[in-house]
Structures are given as C-alpha cells and as structure tokens.
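Worksheet: one structure, shown below.
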Amino acid sequence: MGPVYEFLGLTVGIIQHDLDSAQRRAAYRCDVTYVTNNEDGFDYLRDNMAWQVEDLVQRELYFALVDEVDSILIDEARTPLIISGPSTESTELYGKFAQIVQRLKKDEDFTVDEKAHAAPITEAGVAKVEKMLGITNLYDQRNIELAHQLNAALKAWNLFHLDQQYIVKDGEIIIVDEFTGRLMYGRRYSDGIHQAIEAKEGIKVRGEDQTLATITFQNFFRLYERLAGMTGTAKTEEREFRDIYGLDVVVVPTNMPMIRKDNSDIVYKSEKAKFQAVLNEIITEHQKGRPVLVGTRSIEKSEMLASMLRRRNIECNVLNAKYHEQEAEIIKDAGQAGQVTIATNMAGRGTDIKLGDGVATQGGLHIIGTERHESRRIDNQLRGRSGRQGDPGSSRFYVSLEDEVMRLFGGERMQNIMERVGFTDEQPIESGLVTKSIERAQSKVENHNYEIRKHVLEYDDVMNKQREVIYADRRAILEGTFDSRAFMLQTLEAKVDEALEQNAPENVNPSEWDVGEILDELEMIFPVKAKLSAKDFEKKDREEIRALLKRAASEAYEAKEQEITPEIMRVVEQRYLLLPIIDRQWVDHLYVMDHLKNGIGLRGYGQKDPRVEYEKEAFEIFESLKNNIADEAIKGVFRVVVEQAPPGVMPPGTMPPYAMPPPSMQSPNLPTGAPELMPVGPPPPPRPERLRTNRDEGEPARPMHRDHPKVGRNELCPCGSGKKFKKCHGAAA
C-alpha cells in the first residue's frame, strides 16, 4: 500500500524491532505508520520512562486501525505488556525444586486442574515437601519464597509441555503462540514459570525480573482517540468489542458468493482412532489430486501426522513454529494440485492461497481440522483458508473425546451420548447435532476466557487511573511545563500542616503541644531552627504558629533558590529530583500493587468483595505514593549542592542520578488460567553514579552532591553565561 499512499501525497513509515529511537521517531511522524501491537505498546511505555524530550518517539495517539483485530484486542488481551528490569534474587532454588517435584506423585501429592490452569498440592504433598526441605511449615512467612517456587515447579512440569507450549532452541526456551502456532521470540512466562521450565529442561536458569512499567492491551488501545479494526472472524466476539472498546461489529458482504461446503464434525472416542481417520481422508483426497491443508494444535501433533503420511509414501509440507522463516513460502503453494500441507493452528494466516490448474474442477482446497480450538474464531480462520473469492472448497473437523476442549468442557455429555447409542471406538458420530454440541462447549470456553480478560481489565482500570496521573505529571516535567516551584512550596505548606496536626492537635490544650517536636520534624526537611525556636511560639495561637512556620519554610526555599539561581533550581528540581524519584517510587508501587492483587482474592472468605477492597486499598497506597514522592523531593531540594564546572569543562554523564537503567522488556502478571508472557531485551548497562553524599560514620546527613549535573541541550548553561547550553559549552561537543 506504500506506493499508493505516496502517490496520494502521504508519507509512510514502518516500525520494526531493530530500529533505534531516531528511526522510530521518524516512522511515527509519517502520515501512515505500520507497527505491530507489541512494538506500539512498548514504545508507549518506554516514552513514559524517557529522560529527555529528545528520547520520545510517539506522537499523540489519535487513530489506530488494527489488522486481525480479534487476535490483538481479544486473544492477546489476557497478556499485559510489561517492561521489567533484572532483580538480584538467586536462581539456585529452581534446580532444587525441579528435583523435588519429580519425586511427587500425581493425584496423591498434587492434582492437576487443566481448566483452571493450576496444579495445587495436597496435604500429603506438603508434608513430603517439608520433609525433603527439612522445614516444619512450608507456609510460614519465612518460607513464602519456597511455596512460590513449589507452585511454579508444579505448573512447569504438569501444565507446560515441550513442543506444545514451548520449544527448546539454541539453549533457550521459546514460547509458542497458542493462537497462531508461531514462535514468540523475546517473550518469557512470568511469576517464576519460565525459570522453572528452564530448570525442567536442564538449561541455564535466568533470574526473575522486577516490573518497571505495565499496561494491558485494552487500556492501551483505549488511549487512541479513534479505534477501528478488521478481521474475518469478529462476529462471535461482538459483545466483548462493544462492552470493552465501544466498537460495533459490521459484517461486510463477500465480493463473490461463498460456496465452500462445511461438513459436520466427526467424533471418535480415542485420539488414535481419530488420527487414523484423518490419515485415511488425506490419502483419499490426495489421490483425487485435491490439495489438502491440515490444521493441528501443536508442533508435536503436526510432526506425528507428517511421519504417519511419510510412512504411507505421501509427501507433505509441515508449517509450524520450527519453520517460521519459510511460512509464506510453504503456505502459498498449499493450493497446488495434490499438495498436502500440515500447519499448526493458523500459521500462514495473511498469505493468500491460490488454487493450481484444474484444482477448482476437483472441488478446490480441502481443509481438515484435527482438533477443535477453544475459540470458534480460530476454527473459522482455518476454514477460511478455503473457498476464498468464490472458489470451491470444503472443510471438516475431526474430534476425539480425549481432545482438550472436549475433555474439559464437553466430554462427559458427549461420552454419554456415544455410550447410549452403542458406538464402538471405530464407529464415530457424525451429525449436525454433534457439531452444535461441540460449539456449545466452545462457547463455554469463550465465556470463561472473556471473564478472565474482564477480570484483568477491572483490576487494571484501577491501575490505569493511577498510571494516567503519574505519566501526565512525568510528561509535564519532561517537557518543562510542570510548575515545580509551586509544587515544592505547596509540599512545604503540607509538611507544616502535617507537623501541626501530629504535635499540636486542635482539640488539645496548648500547654500539651509539643513545639520542640514540630521543629525537630521540620528541621529534617528545611533549616527551620536557624530562624525559629520554641520561644518564638510562646503566647501564640495555633494559626499564628502555622503562619510563622509557613513563612519560615517559604523564606528557606527562596534563599535556596537564590543560592543556586532560579534557572538551575528548576533543573535540579525536575531533572535531578522529581524524575528519578517518581520512577523509583513508581517501580516500588507496582511491586506493592502486584502483591495486593495476588492476595486480594482471600478477602472473599471474609464476605467482602475483593474488587471493592482492591479499589479501596489501591487508593490508600496511591495517596501514600504521592506523599512519598513529595516528601523525598522537598528533602532533596535543601540537600543538593550544585558545583559549577570550570569554563570549558563538559559536564559528564548521560543520565540523572538515581536513574533506572534502560530496561529490558519483561513479564506480565496474569490471573489464574491465562498463559503468562513477558518480553525480554538486552542486558542493561551499568548503573549510573548516584548523588555523592558527604557523610561520615555516625555523622548527621549533609547535603548530597553531584559534581556536574547533566544539562539538556536547550537548558541554560551552568557556567552562568545566560546562553543555552548548546550555544555555550555544549557547542564544543
């Protein structure tokens, strides 16, 4: 489409993984920008961690047109985007628990609940683990990390399987996308699962990471002023598009009449009998000269079926995550006469399949699904590879009662039907009634997954309000529109009020006021004792004391401002205090909120609504965050001393003090039942130097220094010339 847009006078940009900030910025400033949902979301988070305006890459989020909108806004919405940095925790326990769980017996020491995606341990299992670890109580507060490790190991060994959820490639665990069958390079499971899988497979275990920034796809895409999308399979999710995104689903009529024949499902009791029937149908259609496209749910099943075909001397192309690079090349030939192609889920989606000569007269492309997916949309996508643009075609799904969807959501009812009619393993059921029963089972799964996504969103909506406040203030600081002077003076007044409320309450007799404690508390923030003493408050009422203290605070601030000049004061306040303090406190806040969310479900046992409790406590924690930021910032103002660099000397350093290192990208926390993924990037550079502190052992804290503060190109030069840095000492660079 690029040449078309350019012919119409528009500019076109594309964002790819290996672009630097300058290239990304240029691409985002084009009239039309092509970008994947992950790159777009992570650029948004990185922009809200930037240290200078020059590092920002995105423009305002105005209009997003999302291709395969159901895949992005529905399927991937269970996985929040999270940027993480490395933690310092040891990885030794993962190997230890990999050995422990192998000695536990299923159904005796633990159970596996595939529907809830959990592997809870039994009381007998707890006793056995405690004995192996040499402890008396696994769930004692001191052993909370051991319980976490055990839970991760049990999940890794019983719910995550090689060549299904992941593969091992070049000494790394690579996740396989459950919806597309493609490899998800750079993604990692969170909550210790990825590390437990690494230990299980005997490869090097990388440490867990700490969340630095996070957002769900729902809340990210709702930031756009206008949102639209397109897909061939959105109608089944019409309710969710309307409820979550305010989007209506409009069905566009096909260009040509759809004449593909969709046959009823065939259900077998056993998986073995099912695959034998699949094999026979492939051979029958192949001998007619028809191309056949076979969909499987895992790499393991696709390679097993390919082996069965080759033993019968039928050549086939296999398209799964292991052959991702050849995806388009393999799928484009799937419509040639006699071609047999096996693909995991919807690998190849987006590549048009053209029918070869004479294929249309033989009935067109035949689609075989070897298993129903948990979502009807995914099945419809597989069917939709045939019968395009009025082409002939056909499809059929083969199902067994051992398949995951049937086993978890529909198997018992179907088992009763099969036993009632007396079919043997080799005699399948084929009827429209069976197909409808299967679709009812899928509908249960879709509702289950919708509730998971809704649950994620309800909790993230609370975080989203907090995120908007923090990010708005941070962006204002970065762009120089934040009034840090007013903020600091307001904070000083609040500190005076706080000291008064605690030590001279309104309803207490003045003789009981602790004026000395008021001065001690405020002295920790600004030098009040140099101007005021307890005697100055004698015979004064509470409001007169308040006025005296606020005037002393204001005068101390103004004196500090004149000492280092208002221009440098603003730079210090915004670039060297507020920005790094906000970032550090926000990271700690995310950690606290993660723990709150993980444990809030227990409030239900006390007949309390966990979500209401979460909102209430989240508000209190956020108020505490804002107070902590203000408290640390105002204390920093009176402790920082700027030492001017001699003329001609460039201020060193490229990042403010206390800066978080440029993050690697990691780790979503998801509710039970959802796969937990996290992106991962290159290792961060060494941590920058911090503010230098002149402090000896046992000596009270003195002002913190940095030899030379980093100066932005458009800020005033610290040499005192009155020129912008880029026109003064910065010109030498």
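Just the heavy atoms: all of them, side chains too, but no hydrogens, waters or symmetry mates, feed the values below.
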### Query
How about W513 and L500: do any of their side-chain heavy atoms sit closer than 4.5 Å?
no

### Carboxylate-amine/guanidinium proximity below 4.0 Å for E439 and R376
no

#### Entry: Side-chain donor-acceptor pair present, S484, E573, cut-off under 3.5 Å
yes

### Query
Is a side-chain N or O of T236 found less than 3.5 angstrom from the main chain of R377, in a donor-acceptor match?
no

### Task
Check K465, R222, R467, R453 against D460 for a salt bridge (charged side-chain N to carboxylate O under 4.0 Å, His left out) and give me the one that passes.
R467

### Message
Looking at E620, I want to see if its CD is surrounded by more than 12 non-hydrogen atoms of other residues, nucleotides or ligands under 6.0 Å.
### Response
yes

### Task
With sequence neighbours excluded, tell me which residues meet ring pair (Phe, Tyr, Trp, His ring centres under 6.0 Å) with F220.
Y44, Y224

### Ring center gap for Y189 and F160 short of 6.0 angstrom
yes

### Message
Minimum heavy-atom separation for K200 and A98, please, with both atom names.
### Response
N-CB, 4.4 Å

### Query
How many angstroms lie between CZ in F110 and NZ in K128, if you round to the nearest 0.5 Å?
10.0 Å

### Task
Look up atom CD in E458 and atom OG1 in T216, then write down how far apart they are to the nearest 0.5 Å.
12.0 Å

### Task
Measure the CD1-CD1 distance between I175 and I193 for me, rounded to the nearest 0.5 Å.
10.5 Å

### Query
Looking just at side-chain N and O atoms, do H589 and Q466 make a donor-acceptor pair shorter than 3.5 Å?
yes

### Task
Decide yes or no for H373 and Q381: does some side-chain heavy atom of the first lie under 4.5 Å from some side-chain heavy atom of the second?
no

### Task
Considering non-hydrogen atoms only, spot the tightest contact between I600 and P610 and give its length.
CG1-O, 3.3 Å

### Task
Determine whether the side chains of T233 and N380 contain a donor N or O and an acceptor N or O closer than 3.5 Å.
no

### Query
If you measure only the distance, is there a donor-acceptor pair under 3.5 Å linking the side chains of Q442 and D379?
yes

### Task
State the CD1-CE distance between I100 and M132, to the nearest 0.5 angstrom.
5.5 Å

### Task
Go through the structure and list residues passing salt bridge (Lys or Arg N to Asp or Glu O under 4.0 Å) with D40, not counting sequence neighbours.
none

### Query
Looking at CD of Q218 and CG of N464, how far apart are the two atoms once the value is rounded to the nearest 0.5 Å?
10.5 Å

### Message
Between I173 and R188, is there a side-chain heavy-atom distance shorter than 4.5 Å?
### Response
no

### Task
Could you walk me through whether E198 and R206 pass the salt bridge (Lys or Arg N to Asp or Glu O under 4.0 Å) test, one step at a time?
CA-CA 8 Å; E198 288 170 333; R206 289 174 48 183; 5.3 Å; no

### Query
Should D109 and R103 count as an ion pair when the cut-off is N to O under 4.0 Å?
no

### Task
Would you sort out whether M49 and I83 count as a side-chain contact (heavy atoms from CB on, under 4.5 Å), showing the intermediate values?
CA-CA 10 Å; M49 299 174 70; I83 292 182; 4.2 Å; yes

### Task
Let me see the working for D461 and K454 under salt bridge (Lys or Arg N to Asp or Glu O under 4.0 Å), right down to the final yes or no.
CA-CA 10 Å; D461 278 343; K454 190 178 175 185; over 6 Å; no

### Message
Between W586 and L590, is there a side-chain heavy-atom distance shorter than 4.5 Å?
### Response
yes

### Task
Can you sort out the partners of Q165 under side chain to side chain donor-acceptor pair (under 3.5 Å), two or more places apart, ordered by chain and number?
none

### Task
Examine the side chains of N219 and E468 and answer whether a donor and an acceptor come within less than 3.5 Å of each other.
no

### Query
Can you name the residues that form a salt bridge (Lys or Arg N to Asp or Glu O under 4.0 Å) with K106, not counting sequence neighbours?
none

### Message
Do R475 and E479 make a side-chain contact, defined as non-hydrogen atoms from C-beta onward lying under 4.5 Å apart?
### Response
yes

### salt bridge (Lys or Arg N to Asp or Glu O under 4.0 Å) involving D520 - partner list, sequence neighbours excluded
K529

### side-chain hydrogen bond (donor to acceptor under 3.5 Å, both in side chains) contacts in which one or both residues fall within residues 489-499, not counting sequence neighbours
K495-D631, D497-R546, D497-K550

#### Entry: Heavy atoms of other groups near E506 CD, more than 12 under 6.0 Å
no

### Message
If the condition is salt bridge (Lys or Arg N to Asp or Glu O under 4.0 Å), which residues does R239 pass it with, not counting sequence neighbours?
### Response
D243

### Query
Are any non-hydrogen side-chain atoms of I74 and E240 less than 4.5 angstrom apart?
yes

### Nearest-0.5 Å distance, CG of residue L577 to NZ of residue K635
13.0 Å

### Task
State which residues pass side chain to side chain donor-acceptor pair (under 3.5 Å) with K626; sequence neighbours excluded, sorted by chain then number.
E623

#### Entry: Audit row: E60, E225, side-chain contact (heavy atoms from CB on, under 4.5 Å) steps and yes/no
CA-CA 9 Å; E60 289 184 11; E225 191 173 328; 5.9 Å; no

### Pair N628-D588, side-chain contact (heavy atoms from CB on, under 4.5 Å): steps then yes or no
CA-CA 11 Å; N628 290 341; D588 292 343; over 6 Å; no

### Query
Which residues satisfy the side-chain contact (heavy atoms from CB on, under 4.5 Å) test with I135, sequence neighbours excluded?
E130, L133, L138, N143, L146

### Message
Check for me whether R46 meets the cation-pi criterion with W51, that is, NZ or CZ under 6.0 Å from the six-membered ring centre and within 45 degrees of the ring axis.
### Response
no

### Task
Using only heavy-atom distances, determine whether the side chains of E451 and N447 contain a donor-acceptor pair under 3.5 Å.
no

### Query
Do V587 and T211 have side-chain heavy atoms sitting under 4.5 Å apart?
no

### Query
Of all heavy-atom pairs between F241 and D70, which one has the smallest distance, and what is that distance?
CZ-CA, 3.8 Å

#### Entry: Residues forming a ring pair (Phe, Tyr, Trp, His ring centres under 6.0 Å) with F482, sequence neighbours excluded
F487

### Task
For R474 and D47, work out which heavy atoms get closest and say how close.
NH1-O, 4.4 Å

### Derivation and outcome, ring pair (Phe, Tyr, Trp, His ring centres under 6.0 Å), residues Y459 and Y614
CA-CA 8 Å; Y459 281 83; Y614 179 78; 4.7 Å; yes

### Task
Only counting residues at least two apart or in another chain, list the ones meeting side chain to side chain donor-acceptor pair (under 3.5 Å) with E615.
R611

### Message
Taking side chain to side chain donor-acceptor pair (under 3.5 Å) as the definition, give me every residue that meets it alongside N37, ordered by chain and number, with sequence neighbours left out.
### Response
E76

### Query
So, N509 side chain and E512 main chain: donor-acceptor pair closer than 3.5 Å or not?
no

### Beyond-backbone contact of L45 with T214, side-chain heavy atoms, under 4.5 angstrom
no

### Task
Begin from the C-alpha positions of L56 and L478 and carry the test side-chain contact (heavy atoms from CB on, under 4.5 Å) through to its verdict.
CA-CA 10 Å; L56 301 177; L478 206 62; 3.8 Å; yes

